[in-house]
Amino acid sequence: MTVLHDKALRGFASDNYSGIHPEVLAAIAEANDGHQIAYGEDQYTERLQEVFRQHFGEGVEAFPVFNGTGANVTGLQAMLPRWGAVIAATTAHINVDEGGAPERIGGFKILSVPTEDGKLTPELVDREAWGWGDEHRAQPLVVSITQSTEVGTLYTADEIRTLADHVHARGMKLHLDGARLANAAAALDLPLRAFTRDAGVDVLSFGGTKNGAMLGEAIVVLTPGAADGLVYSRKFNMQLASKMRFVSAQLIALLEGDLWLRNARRSNAMAQRLRSSLEAGIADGSIQGVGFTQQTQSNGVFATLPDGIADRLRETVRFYDWDAARNEVRWMCGFDTAEADIDALVALVAQETSR
């Protein structure tokens, strides 16, 4: 096939921009020969259950799906009755980045709560955790958090446990969107189980695409019975892969060894390099007018730029505005981000801001 893209091109818009990690690509090829039973009755999907149990403990069940939106919508839908609602941060992916799919396809209402750092607390949850038994109000029955959050911040294991205890005491369940769960584990230096199942999370979406997979996530039920009917709802939500072995093989390649952790540590380290290099430029005066809006705790850097600078930078390197009204941008690093990529971006920021 003719190569259509510039292989040297690098961007900072999303960790979805990267290609497939070579070890994951090799795993897909290894799973390719011969026939396997379709729709998840294959040996790779069976093995994946064992791999997830190694990370999260006995009794968990994993349901491979195509993408993160599908994982969130299908998982949350299975956690709720038709009249249920989900409490989430205003910045949550399910609230602002999934095209209305949770409410239009999942059929549940989202009750959003503003939060400066992307994190919910018991006090913030209580702003919407009320009205049980009121037939005029969608019933708040699930709280959904994101780890790491959409603004790159992290919950500690203790913070999640406190939140889970609060949620459960009110008869609700706790869902976790883990599109970047590996980055959180790497930054916290904790096993995956320590800040999920052991901290009281009931169901999570486990992300693979942002961490080296071609495509593929998994809904992981950590508390038996917390998400009824997934075996059926995955199908009618169009998330049941016929050739599921290729989704499962990718997640096995990531999780059976330490590839998931190596990739996450790399992308986190590149974000730290970007943050520290920008701070050094600000300190020595070579970078003008740049500030930061969030802590850099995982693989994203959130910054404000002087007027017009973002568009000038985007003539060379792609990235997204986060809040255009205040000139806030997001720079994301991936498992294949190189030191030279970071240094080139920092040099470009210095050039444009010191004109």
Side-chain angles (χ1 to χ4, degrees), residues 1-9 14-75 178-183 185-186 192 204-221 230-267 334-337:
M1 188 186 80
T2 302
V3 176
L4 301 177
H5 72 291
D6 178 359
K7 294 185 178 182
L9 184 66
S14 173
D15 35 7
N16 285 323
Y17 275 38
S18 63
I20 310 167
H21 191 281
E23 293 180 40
V24 175
L25 191 58
I28 296 172
E30 288 293 330
N32 191 46
D33 292 332
H35 286 201
Q36 281 280 283
I37 302 173
Y39 299 108
E41 292 186 56
D42 60 274
Q43 291 171 288
Y44 293 91
T45 303
E46 181 181 357
R47 171 59 183 154
L48 183 63
Q49 303 300 319
E50 298 174 7
V51 171
F52 270 110
R53 286 194 291 269
Q54 289 171 6
H55 283 284
F56 295 100
E58 291 299 319
V60 306
E61 191 172 8
F63 296 81
V65 294
F66 290 116
N67 54 44
T69 297
N72 286 334
V73 171
T74 305
R180 298 185 176 94
L181 195 68
N183 296 95
L192 290 165
L204 66 82
S205 298
F206 184 89
T209 309
K210 290 177 169 61
N211 198 35
M214 178 176 72
L215 58 83
E217 324 283 303
I219 305 164
V220 188
V221 181
L230 267 173
V231 68
Y232 307 110
S233 59
R234 179 172 55 172
K235 176 65 174 182
F236 69 64
N237 280 320
M238 297 165 284
Q239 289 292 321
L240 181 65
S242 58
K243 296 185 179 181
M244 197 182 294
R245 60 169 148 159
F246 299 111
V247 179
S248 298
Q250 295 175 73
L251 296 173
I252 291 170
L254 286 170
L255 287 164
E256 197 165 37
D258 67 347
L259 180 59
W260 66 279
L261 190 56
R262 285 187 278 127
N263 285 353
R265 283 174 173 163
R266 174 71 183 185
S267 55
F335 74 88
D336 61 348
T337 302

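Keep in mind that the numbers below use all heavy atoms, side chains included, and drop hydrogens, waters and symmetry copies.
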Item to check | CA sep, side-chain torsions, deciding dist, call: V247, L48, side chain to side chain contact (heavy atoms under 4.5 Å, CB included) | outcome: CA-CA 10 Å; V247 179; L48 183 63; over 6 Å; no

Next on the checklist: Using every non-hydrogen atom in the two residues, find where M244 and G40 come nearest and quote the distance to one decimal.
Outcome noted: SD-CA, 3.5 Å

Let me check something: any side-chain donor-acceptor pairs from residues 52-65 under 3.5 Å, sequence neighbours excluded? List them with distances.
from, atom 1, to, atom 2, distance (Å)
H55, NE2, L255, O, 2.9

Checklist entry - Closest heavy-atom contact between L251 and G216? => result CD2-O, 4.1 Å

Tabulate below the donor-acceptor pairs under 3.5 Å that side-chain atoms of residues 25-35 make, not counting sequence neighbours, or state none.
none

Item to check | Qualifying residues under salt bridge (Lys or Arg N to Asp or Glu O under 4.0 Å), relative to E256, sequence neighbours excluded | outcome: R47

Next on the checklist: Give me each pair satisfying salt bridge (charged side-chain N to carboxylate O under 4.0 Å, His left out) with a member in residues 64-74, each pair once, sequence neighbours excluded.
Outcome noted: none

Checklist entry - Does the pair N16 and T209 meet the rule for a side chain to side chain contact (heavy atoms under 4.5 Å, CB included), with working shown? => result CA-CA 7 Å; N16 285 323; T209 309; 3.7 Å; yes

Item to check | Verdict with supporting geometry, H5 and V3, side chain to side chain contact (heavy atoms under 4.5 Å, CB included) | outcome: CA-CA 6 Å; H5 72 291; V3 176; 3.9 Å; yes

Checklist outcome for this item: Across all chains, not counting sequence neighbours, the salt bridge (Lys or Arg N to Asp or Glu O under 4.0 Å) partners of E23 are R262

Next on the checklist: Please check: side-chain N/O of D258 versus main-chain N/O of L261, any donor-acceptor pairing under 3.5 Å?
Outcome noted: no

Checklist entry - Quick one: side chain to side chain donor-acceptor pair (under 3.5 Å) partners of Y39, sequence neighbours excluded? => result none

Checklist entry - Can you check whether T337's main-chain N or O pairs, donor with acceptor, with R266's side chain at less than 3.5 Å? => result yes

Item to check | Worked verdict on Q239 versus V73 for side chain to side chain contact (heavy atoms under 4.5 Å, CB included) | outcome: CA-CA 10 Å; Q239 289 292 321; V73 171; over 6 Å; no

Item to check | Atom of E217, atom of A71 and distance for their closest heavy-atom approach | outcome: CB-CB, 4.3 Å

